[in-house]
Amino acid sequence: MSRVYNFSAGPAVLPEEVLREAAEEMLDYKGCGMSVMEMSHRSKVYDDIIKEAEKDLRDLMNIPDNYKVLFLQGGASQFFAEVPMNMMKNKKAGYIITGQWAKKAFQEAKIYGEAVELASSADETFSYIPDCSDLPITDDMDYVYICENNTIYGTKFKTLPNTKGKILVSDVSSCFLSEPIDVTKYGVVYGGVQKNVGPAGVVIAIIREDLITDDVLPGTPTMLKWKTQADNDSLYNTPPCYNIYICGKVFKWIKKMGGLQAMKEHNEKKAKILYDYLDESKLFKGTVRKEDRSLMNVPFVTGNEELDAKFVKEAKAAGFENLKGHRTVGGMRASIYNAMPIEGVEKLVEFMKKFEQENA
Ligand SMILES: *Cc1c(COP(=O)(O)O)cnc(C)c1O
């Protein structure tokens with residue numbers, strides 16, 4: 001068996017230890033004679049799995065008691081609709097457009113009410129985070145929406161926007177559990193887990209209790225009403241049982257690694273290796289304004305499309321997978337999520353240096 005260094009933006013690398021453990025438990029989970037895939041979601045065994053996953057997540061993120069943790073389906077993309085359905089009481093909300101995922105959420109919200117663009121970095125291909133200290137937020141807005149880490153463009157909000165007292169909703173899909181956050185600053189924090197937490201098919205939403213009500217937009221499906229999910233502890237219908245179980249294992253792995261502060265230091269160390277090299281290289285260049293750089297997704301280019309393609313091809317042959325940039329940006333992108341080991345980044349930089357010498 002040989003595993004590659006996988007720089008995929010998502011679904012992405014998972015901790016090897018977690019995969020091994022899951023493999024060991026595949027046929028017989030803790031002596032119950034069946035796989036987690038085969039058991040009832042109403043069983044005691046499964047109830048322990050989902051409860052423990054929630055408890056570990058609460059510990060890791062220090063989630064206050066007045067926030068619910070929901071394990072949902074439909075991907076982050078379905079949640080784009082759930083936000084206005086559950087939150088647009090005045091049918092008006094502000095969106096900060098920092099990339100494609102923010103834009104898609106914005107467009108989805110327009111189906112349900114008045115979505116207002118508060119700021120955008122589209123003028124420079126989303127290569128920076130706009131100034132959000134004094135946005136045109138009005139009193140009648142139900143919430144302010146951001147995509148905190150922009151997976152495609154490699155930018156990250158280092159300070160949260162000034163929402164002028166309005167509720168902040170944040171898509172953290174690609175920076176979930178990469179560093180500590182203060183949950184009390186948000187009304188809703190959510191993300192698809194397939195970037196940094198687990199296998200595709202689960203969305204985790206952390207929602208302040210007072211935002212979970214029966215007062216939703218007319219026509220909201222039962223399944224998409226947060227109250228339905230909260231009242232049933234995410235077990236209204238059959239949840240993605242196996243995927244939640246793997247998320248639970250990843251939470252335990254992060255705890256063992258020292259929690260979110262340790263994760264942050266690990267991620268900063270990795271990102272620094274790559275950014276330092278990009279800053280000194282004569283061939284490769286980072287595409288993002290320095291102060292807005294993501295710790296998770298690092299886009300870079302040579303400035304020559306043919307050379308980019310040659311790099312991606314040779315890197316793949318050398319065991320560095322999924323380095324091709326997003327189709328809308330071109331170039332390369334290295335996603336270096338929690339589970340990417342430091343050697344993966346060190347070896348990638350060695351390989352880039354060699355490529356630079358050979359193609360000078
Ligand atoms: C990947 C991604 C999404 C879309 O996730 P799906 O689960 O495929 O719907 C949304 N937002 C961000 C920030 C992402 O990285």
Side-chain angles (χ1 to χ4, degrees), residues 6-14 70-85 95-109 111 115 120-122 125-130 143-158 160-161 168-179 181 186 188-207 223-224 229 234 239-240 242-244 246-247 250 267 288 292-299 322 324-329 333-340:
N6 179 7
F7 294 92
S8 170
V13 57
L14 285 169
L70 304 181
F71 295 96
L72 307 171
Q73 303 187 53
S77 300
Q78 180 162 280
F79 207 83
F80 296 165
E82 292 181 43
V83 171
M85 282 175 169
Y95 280 72
I96 300 170
I97 313 298
T98 50
Q100 267 201 32
W101 295 120
K103 201 164 145 189
K104 283 193 170 161
F106 173 59
Q107 282 161 345
E108 192 73 14
I111 299 173
S120 167
S121 51
T125 332
F126 302 115
S127 59
Y128 70 102
I129 299 290
Y143 59 86
V144 172
Y145 182 102
I146 61 169
C147 177
E148 200 156 328
N149 184 81
N150 295 281
T151 325
I152 297 172
Y153 302 95
T155 61
K156 161 101 203 293
F157 280 84
K158 302 291 164 78
L160 294 175
L168 181 63
V169 177
S170 177
D171 174 357
V172 298
S173 295
S174 51
C175 58
F176 223 148
L177 303 178
S178 63
E179 58 183 280
I181 64 166
Y186 305 81
V188 180
V189 185
Y190 82 94
V193 303
Q194 72 271 24
K195 310 288 159 70
N196 213 10
V197 183
V202 182
V203 168
I204 296 175
I206 300 155
I207 309 176
M223 277 286 290
L224 304 188
Q229 302 290 353
S234 306
Y242 193 80
N243 306 37
I244 294 170
I246 298 289
C247 292
V250 172
N267 289 327
V288 170
D292 299 327
R293 284 170 166 176
S294 164
L295 290 181
M296 299 280 97
N297 311 98
V298 184
N322 291 314
K324 195 171 185 311
H326 191 268
R327 59 186 189 279
T328 61
V329 190
R333 171 179 50 172
S335 294
I336 49 176
Y337 296 118
N338 287 351
M340 171 59 63

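Remember, it's 1-based here, ligands and their atoms both numbered in the order they're listed.
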| task | May I ask you to list the atoms of ligand 1 that are less than 4.0 angstrom from any heavy atom of Q194? | result | 5 (O), 6 (P), 7 (O), 8 (O)

| request: Output the list of atoms in ligand 1 that are nearer than 4.0 Å to some heavy atom of S173, sorted by atom number. | output: 11 (N), 12 (C), 13 (C), 14 (C), 15 (O)

| Just checking, is any N or O donor in the side chain of E148 or S170 under 3.5 Å from an acceptor N or O on the other one? | yes

| How far is atom 11 (N) of ligand 1 from its nearest protein heavy atom, and which residue and atom name does that atom have? | D171 OD2, 2.6 Å

| field | Pair E108 + K103: basic N to acidic O under 4.0 Å | value | no

| query | Can you list the atoms of ligand 1 that are under 4.0 Å from a heavy atom of T151? | reply | 12 (C), 13 (C), 14 (C), 15 (O)

| query | What distance do Q78 atom CD and L224 atom CG have between them, rounded to the nearest 0.5 Å? | reply | 4.5 Å

| message | Among all protein heavy atoms in this structure, tell me which lies nearest to atom 5 (O) of ligand 1, with the distance rounded to 0.1 Å. | response | A76 CB, 3.5 Å

| field | atom 14 (C) of ligand 1 [closest protein heavy-atom partner, distance rounded to 0.1 Å] | value | K195 NZ, 2.8 Å

| request: Among all protein heavy atoms, pick out the one at the shortest distance from atom 9 (O) of ligand 1; state its residue, atom name and that distance to 0.1 Å. | output: S77 OG, 2.6 Å

| At their closest point, which heavy atom of K195 faces which heavy atom of S174, and how far apart are they? | CB-CA, 3.9 Å

| note | Near G75 (heavy-atom distance under 4.0 Å), the atoms of ligand 1 are 7 (O), 9 (O)

| Do Y337 and N297 get their side chains close enough for a donor-acceptor pair, meaning under 3.5 Å? | yes

| task | Starting at OH of Y186, measure out to CD1 of I181 and round the result to the nearest 0.5 Å. | result | 4.5 Å

| Where on A9 is there a heavy atom closer than 4.0 Å to ligand 1, on the side chain, on the backbone, on both, or on neither? | neither

| task | For the pair Y143 and Y95, name the ring-plane relationship: parallel under 30°, tilted 30 to 60°, perpendicular over 60°. | result | perpendicular

| request: Give the atoms of ligand 1, by number and element, whose distance to some non-hydrogen atom of C147 is under 4.0 Å. | output: 13 (C)

